[in-house]
A.B. asks: 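This is the structure, below, for whatever I ask next.
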Amino acid sequence: LKEENAVLRSKINKLQILSETQADKMRKLEKKLEENKIKEEMEAQDLEAMVQHVEQNLQLMTKRAAKAENSVAKLRQENAQLQAELRNSQLENEALRAGQAGLAAAKQNAEVALQHLLQVTTSSRASIRQLLSGAESLQLVADLLKSIDRISEVSEDGQ
């Protein structure tokens with residue numbers, strides 16, 4: 001009976017040690033689970049902040065694109081006006097040549113109009129390039145937002 005009690009006590013001691021080991025593992029796993037929850041919350045907050053930042057950038061780029069479009073429209077209108085001035089100057093120049101009076105003044109007017117036209121043309125081209133660059137940036141942001149949606153869907157599926 002003593003031997004049996006000793007064997008049983010030995011088994012009880014082993015079971016207690018095993019139970020304590022498992023309890024330690026359980027506490028460690030619970031701690032790790034809590035750390036993972038905190039980490040996931042922080043990542044979700046970071047992702048939300050990034051999405052907000054991207055949305056703000058998208059709004060800014062949209063405003064810039066609208067301004068660029070308005071600028072292009074104004075420049076085109078100014079370009080058309082200057083081209084009309086140039087045609088008028090050229091007609092005036094031809095009239096002056098035919099009459100042999102004021103040739104130098106007409107040339108000067110035509111040259112000034114031409115210079116204005118060239119400046120507006122150069123400015124218009126730069127604005128159009130800027131508008132195209134803004135459109136490419138908007139496309140990039142849209143692609144990034146699509147990627148974020150996919151990441152969010154994958155994260156939700158993974159939970």
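What's counted below: heavy atoms across the whole structure, side chains too, no hydrogens, waters or symmetry copies.
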A.B. asks: How about Ile17 and Lys14: do any of their side-chain heavy atoms sit closer than 4.5 Å?
C.D. replies: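 In short, these two side chains do not touch, never coming nearer than 4.5 Å.
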
A.B. asks: Determine whether the side chains of Gln52 and Gln56 contain a donor N or O and an acceptor N or O closer than 3.5 Å.
C.D. replies: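 No, Gln56 and Gln52 have no side-chain donor paired with an acceptor closer than 3.5 Å.
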
A.B. asks: For the atom pair CD (Gln22) and CE (Met26), what is the distance rounded to the nearest 0.5 Å?
C.D. replies: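 Reported value, rounded in 0.5 Å steps: 9.5 Å.
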
A.B. asks: With rounding to the nearest 0.5 Å, note down the distance linking OG in Ser124 to CG in Asn79.
C.D. replies: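 Answer rounded to 0.5 Å: 5.0 Å.
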
A.B. asks: Can you check whether Asn88 reaches Asn109 side chain to side chain, under 4.5 Å on heavy atoms?
C.D. replies: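 SC-SC contact between Asn88 and Asn109 ruled out.
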
A.B. asks: Can Gln139 and Asp143 be counted as having a side-chain donor-acceptor contact under 3.5 angstrom?
C.D. replies: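 Yes, because at least one side-chain N or O of Gln139 sits under 3.5 Å from a partner of the opposite role on Asp143.
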
A.B. asks: Counting only heavy atoms not in Glu3, do more than 12 sit closer than 6.0 Å to its CD atom?
C.D. replies: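 No.
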
A.B. asks: Is it true that Met61 and Ile148 fall in one hydrophobic cluster, defined by side-chain heavy atoms closer than 4.5 Å?
C.D. replies: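 Shared cluster, yes.
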
A.B. asks: I need the Lys67 NZ to Leu131 CG distance, nearest 0.5 Å.
C.D. replies: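 One gets 14.0 Å once the value is rounded to the nearest 0.5 Å.
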
A.B. asks: Which value, rounded to the nearest 0.5 Å, describes the distance between Glu41 atom CD and Asp46 atom CG?
C.D. replies: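 One finds 12.0 Å between CD of Glu41 and CG of Asp46.
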
A.B. asks: Any link between Val72 and Val120 through a network of hydrophobic side chains (Ile, Leu, Val, Met, Phe, Trp, Tyr) touching at under 4.5 Å?
C.D. replies: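 Val72 does not cluster with Val120.
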
A.B. asks: If you draw a 6.0 Å radius around CD in Glu4, do more than 12 non-hydrogen atoms from other residues or ligands fall strictly inside?
C.D. replies: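 Not buried by this count: 12 neighbours or fewer within 6.0 Å.
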
A.B. asks: Taking all non-hydrogen atoms of both residues, which atom of Ala110 and which atom of Ser89 are closest, and how far apart?
C.D. replies: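 In terms of heavy atoms, the two residues are closest at CA-CB, 4.0 Å.
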
A.B. asks: Restricting to non-hydrogen atoms, name the atom on Arg27 and the atom on Glu20 that form the minimum distance, rounded to 0.1 Å.
C.D. replies: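 Nearest pair, atom of Arg27 first, then Glu20: NH2-O, 4.5 Å.
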
A.B. asks: Using 0.5 Å steps for rounding, measure from the CZ atom of Arg125 to the CD1 atom of Ile128.
C.D. replies: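 If we round to the nearest 0.5 Å, Arg125:CZ and Ile128:CD1 are 8.5 Å apart.
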
A.B. asks: Each residue besides Ile38 in its hydrophobic cluster should be listed here, by chain and number; the cluster joins Ile, Leu, Val, Met, Phe, Trp and Tyr at side-chain heavy-atom distances under 4.5 Å.
C.D. replies: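 Hydrophobic cluster check, Ile38: joined to Met42.
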
A.B. asks: Would you mind reporting whether Met50 and Leu47 have side-chain heavy atoms less than 4.5 Å apart?
C.D. replies: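 The answer is yes, as the side chains (C-beta and beyond) meet within the 4.5 Å cut-off.
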
A.B. asks: Please determine whether residues Leu60 and Leu138 belong to a single hydrophobic cluster, defined as Ile, Leu, Val, Met, Phe, Trp and Tyr linked transitively by side-chain heavy-atom distances below 4.5 Å.
C.D. replies: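 Different hydrophobic clusters.
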
A.B. asks: Can you check whether Arg129's main-chain N or O pairs, donor with acceptor, with Ser133's side chain at less than 3.5 Å?
C.D. replies: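 It does not hold such a pair.
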
A.B. asks: Under a 4.5 Å side-chain heavy-atom rule over Ile, Leu, Val, Met, Phe, Trp and Tyr, are Leu118 and Val112 clustered together?
C.D. replies: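 Result: no, two separate clusters.
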
A.B. asks: Do Lys37 and Glu34 make a side-chain contact, defined as non-hydrogen atoms from C-beta onward lying under 4.5 Å apart?
C.D. replies: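 Yes, close enough: below the 4.5 Å cut-off.
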
A.B. asks: Which distance, rounded to the nearest 0.5 Å, do you find between the CD of Gln83 and the CD of Gln90?
C.D. replies: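 Interatomic distance, Gln83 CD to Gln90 CD, rounded to 0.5 Å: 10.0 Å.
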
A.B. asks: With a 3.5 Å distance limit and no angle check, can you tell me whether Thr62 reaches the backbone of Leu58 through a side-chain donor-acceptor pair?
C.D. replies: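 Such a contact is found between Thr62 side chain and Leu58 backbone.
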
A.B. asks: Provide the closest heavy-atom pair for His116 versus Leu82 in the form atom of the first, atom of the second, distance.
C.D. replies: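 What the structure gives for the nearest pair is O-CD1, 3.5 Å.
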
